[in-house]
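Worksheet for the structure shown next.
Side-chain atoms are counted along with the backbone in the values below, which use heavy atoms only and exclude waters and symmetry mates. Chain letters run A, B, ... following the sequence lines, proteins first and then strands; every chain starts at 1.
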Amino acid sequence: MSTCYQKSLRAFLEHESVIKTKHQAKELHARLIRTMAPVSAILNSKIISIYSNFNLLQDSLTLFNTIDSPQPTKAWKSIIKCYASSGLFLNSLTSFNEMRSVGRIPDRNVFPSVLKSCVQLRDLRLGESVHGCVMRLGLDCDLYTGNALMNMYAKLQLPKAQQPFDEFPERKKQVGSFRNSWMGINHPDEVNVHLISGVGLKDMTEKPIEMEALGMDTVRKVFQTMPIRDVVSWNTIIQGNVHGGRYKEALGMLREMGNSDLMPDSFTLSTVLPIFSKYVDLKKGKEIHGFAIRHGFDGDGFIGSSLIDMYANCTRVEDSYKLFSLLPQCDAVSWNSIIAACVQNGRFDEGLELFRQMLRADIEPLGHSFSIIMPACAHLTTLTLGKQLHAYIIRTGNVENLYVASSLVDMYAKCGNIKNAWWIFDNMEIQDSVSWTAMIMGYAMHGHAHDAISLFEEMQMAGVQSNSVVFVAVLTACSHAGLVNEAWKYFSTMTQNHGIAPELEHYAALADLLGRAGRLQEAYDFISSMHIKPTGSVWSALLSACRVHRNFEMADKVAKEIFKIDPEYTGAYALLSNMYGAAGSWKEAQKIRITMRRKGMKKKPACSWIEVKNKVHAFVAGDKSHSFYGQINEALQDILEQIENEGYVPDTSEVPHDVDEEQKRYAVSTHSERLAIAFGIISSPAGTTIRVTKNLRVCVDCHTAIKFISRTMGREIIVRDNIRFHHFKDGNCSCGDYW
DNA sequence: GTAGGGTTAG
């Protein structure tokens, strides 16, 4: 081998960046072995460095182990970095530890990797020790190290729920044992970092809320002491504020960043976009969009999905679609964004269709994807589809994911399968307030008020913080079972013991309960004394109670209140007109209907749907459009005849039309839920449970008829109306006729 | 060394 060749080898090694591929790296190594045996530790370290830059962990390690100890600092640094970028964070930190124990001094290049490992392992105390080490070595002035430190504090001092890697509980165990060994070694360079953050560790674990603010304080302190800052520094501190929900501070930093002559980059933009999404500030969001286009960032996938999300949050789903179609390439996250855009705007069918398209495009769904799509199944009551997705979730190993599991609990509960909901809930490794709420709400909707309440008590015993949503669930449970005293108790507990201000939903639930219990005046006074202005829908809970209890005087009073607040509230007009119609006050009913027509209001058509053979079939009252209408109608007439023989007498008292009895009977007999049930009966094997969903309340006559059908046809029939579930079995309904 | 999407109510 010529000296010339050796020279070129040396040249390569001195300029590592000349090596462009893994292949070149290996070739270089091979030549080195052939020409220069034995290779010096320094040269081997250079090769390790090259290998580690290509993330060739095994090659780096093999070579590292051939070097007689003590290995050079450069070799250690490469190994630490390579471990960290291969996701082996624990090994990375162990190596860092070993490196120091053999007396090698870490330098500025190694700390970013080490701090990254602390973040990934979610170990704040370890991170603080590393910070101490940084300070001791006087490296806290280093730009990269400073940025990494800020990132570490910003990430690790968020509330637990927002921290990354919740899904790896086994990591926590590893960290625990590792930390013990780590803490046992008292390096001289481990200064007490609490002097910097100004808070003791004990306080940090015991006061989670303050901890968050103090964490940001530490980030700011690091930021302020940095002699030089670049875009990354600004992005990191802005990001920290955004994740902590301090949007004003984040936007303030953004402005300051501009003042210091630094241009926002794509990171900055996609970090601040969620703020405008949360604020539903379309104008500002569009400004960012414009800025992105002008600076050529609009093809960026990160910005793309933030924009899709922002437009969707401002209910501009069409704009979300447009952005999605313009993205140069779509990954799972962009798909998730557009699917969420649909689902969160009530476009469930489109969401499901997009999900299918995503699978067809060979994009593997992630845990996120399932928790986004599951509410669509829950809303549409597509139990079969939900089960298929559940199976898919198990296959893809996402069943442990907290969000996914909670969405499954909700889906099963909303699809009428409360047993499966409980099974999922009960088997969850950890449950958060959302999981508990989904389960409590599930029981509430199914009329199992006592299960709901005891579950709520259990949740509190488990130390899970209550929030306003879980109280909506508890009050709903009381409401569906007529538990007036319990409801009052929880309402006052919520405000007095938990310091949660009642919101419209809480008022509505209680007003509904009082109304249905016949305590109309009490409900009226309650709504009148609300500390926030009641909306039409709060009053309308009382209005429908007036209808049930046939109290016209109160109904008029309530209707006036509603029209004062919201003259366009269609529901109230419809309710009132039905009420008068049913009572035979045709003139009054007519007057209201004329008003509605003049205002261009349309009653929401009653609609029921049923899933048969993985397809959803929808029916509206008197609907003849279904391709099997002939058979459905025949079956329905047949069923009616049978149940009349069993003693069913049609109750037409709620029919709000001025027509003769025969026509009234016909009207109730073709209500949408009956069509759906009849279709379910003829298209499923005998004995199968029938599940029907309706967008409005079940009428009294249908409720009676379905009870008969369940006995006569020997079917369990589960009907979800717009407020709750009715389980019809053997001639009874789970609601005990109270709904 | 910095970035995107999620579950419960209405």
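- In this structure, A:Asp230 reaches the bases: a heavy-atom distance under 4.0 Å links it to at least one base atom across the strands shown.
- Contacts of A:Gly301 with the nucleic acid, taken as non-hydrogen atoms under 4.0 Å apart, include base atoms.
- A:Gly367 comes within 4.0 angstrom of a nucleotide base, judged by non-hydrogen atoms across all strands.
- Contact annotation for A:Ser270: base contact, defined as any heavy-atom pair under 4.0 Å involving a base atom.
- Between the P atom of B:dG6 and the CE atom of A:Met374 lies a distance of 16 Å, rounded to the nearest Å.
- Between the base of B:dG6 and the side chain of A:Asn401 there is a donor-acceptor pair shorter than 3.5 Å.
- Taking atom CG on A:Leu156 and atom C1' on B:dT2, their separation rounds to 15 Å, with Å as the unit.
- Two rings, from A:Phe370 and A:His390, have their centers 6.0 Å or more apart.
- Among the heavy atoms of the strands lying under 4.0 Å from A:Val472 are primed sugar atoms or P, OP1, OP2 only; no base atom is included.
- Taking atom CG of residue A:Asn336 and atom P of nucleotide B:dG6, one finds them 9 Å apart after rounding to whole Å.
- At the phosphate of B:dG4, OP1 or OP2 sits under 4.0 Å from a side-chain N or O atom of A:His243.
- What separates CD1 of A:Ile303 from P of B:dG4 is a distance of 12 Å, to the nearest Å.
- No donor-acceptor pair under 3.5 Å is formed between the side chain of A:His498 and the backbone N or O of A:Asn467.
- For A:Thr381, the side chain to side chain contact (heavy atoms under 4.5 Å, CB included) partners two or more places apart in sequence, or in a different chain, are A:Cys415, A:Trp609, A:Thr693, A:Arg720.
- Heavy atoms of A:Ser266 sit under 4.0 angstrom from at least one base atom.
- Under the 6.0 Å distance and 45° angle rule, A:Arg229 counts as a cation-pi partner of A:Phe223.
- Taking the side-chain hydrogen bond (donor to acceptor under 3.5 Å, both in side chains) definition, one finds that A:Ser86 meets it with A:Asn55, sequence neighbours left out.
- When heavy atoms are screened at a 4.0 angstrom cut-off, A:Gln239 is found touching the sugar-phosphate backbone but no base atom.
- Aromatic stacking is marked for A:Phe267 over B:dT2, as both cut-offs hold: 5.5 Å for the centres and 30° for the planes.
- Nucleotide B:dA3 holds its P atom 12 Å from the CG atom of A:Asp265, rounded to whole Å.
- Between A:Met150 atom CE and B:dT2 atom C1' there is a gap of 9 Å when expressed in whole angstrom units.
- Distances from the side chain of A:Ser369 to the nucleotides B:dG5, B:dT7, B:dA3 place B:dG5 closest.
- Among the heavy atoms of the strands lying under 4.0 Å from A:Gln344 are primed sugar atoms or P, OP1, OP2 only; no base atom is included.
- Going from atom CD1 of A:Ile440 over to atom C1' of B:dA9 covers 12 Å, rounded to whole Å.
- For A:Ser306, counting side-chain heavy atoms from C-beta on, the closest listed nucleotide (B:dT7, B:dG4, B:dG10) is B:dG4.
- Distances from the side chain of A:His368 to the nucleotides B:dG6, B:dG4, B:dT2 place B:dG6 closest.
- Checked against a 6.0 Å centroid threshold, the rings of A:Trp422 and A:Tyr412 do not count as neighbours.
- Of the candidates B:dT8, B:dG4, B:dG5, the closest approach to any side-chain atom of A:Val469 belongs to B:dT8.
- In the displayed structure, A:Gln329 atom CD is contacted under 6.0 Å by at most 12 heavy atoms of other residues, nucleotides or ligands.
- One can find a donor-acceptor pair under 3.5 Å joining the base of B:dG6 and the side-chain atoms of A:Ser371.
- Of the side-chain N and O atoms in A:Asn235, none sit less than 4.0 angstrom from OP1 or OP2 of B:dA3.
- Within the nucleic acid shown, A:Lys414 comes within 4.0 Å of sugar-phosphate atoms alone, with no base atom in reach, counting heavy atoms only.
- Side-chain proximity of A:Met441 to B:dT2, B:dA9, B:dG6: nearest is B:dA9.
- Distance A:Ile238 CD1 to B:dA3 C1': 12 Å, rounded to the nearest Å.
- For A:Ser305 against B:dG4, a side-chain-to-base donor-acceptor contact under 3.5 Å is present.
- Nucleic acid contact for A:Leu366: base, since at least one base atom lies under 4.0 Å from a heavy atom of the residue.
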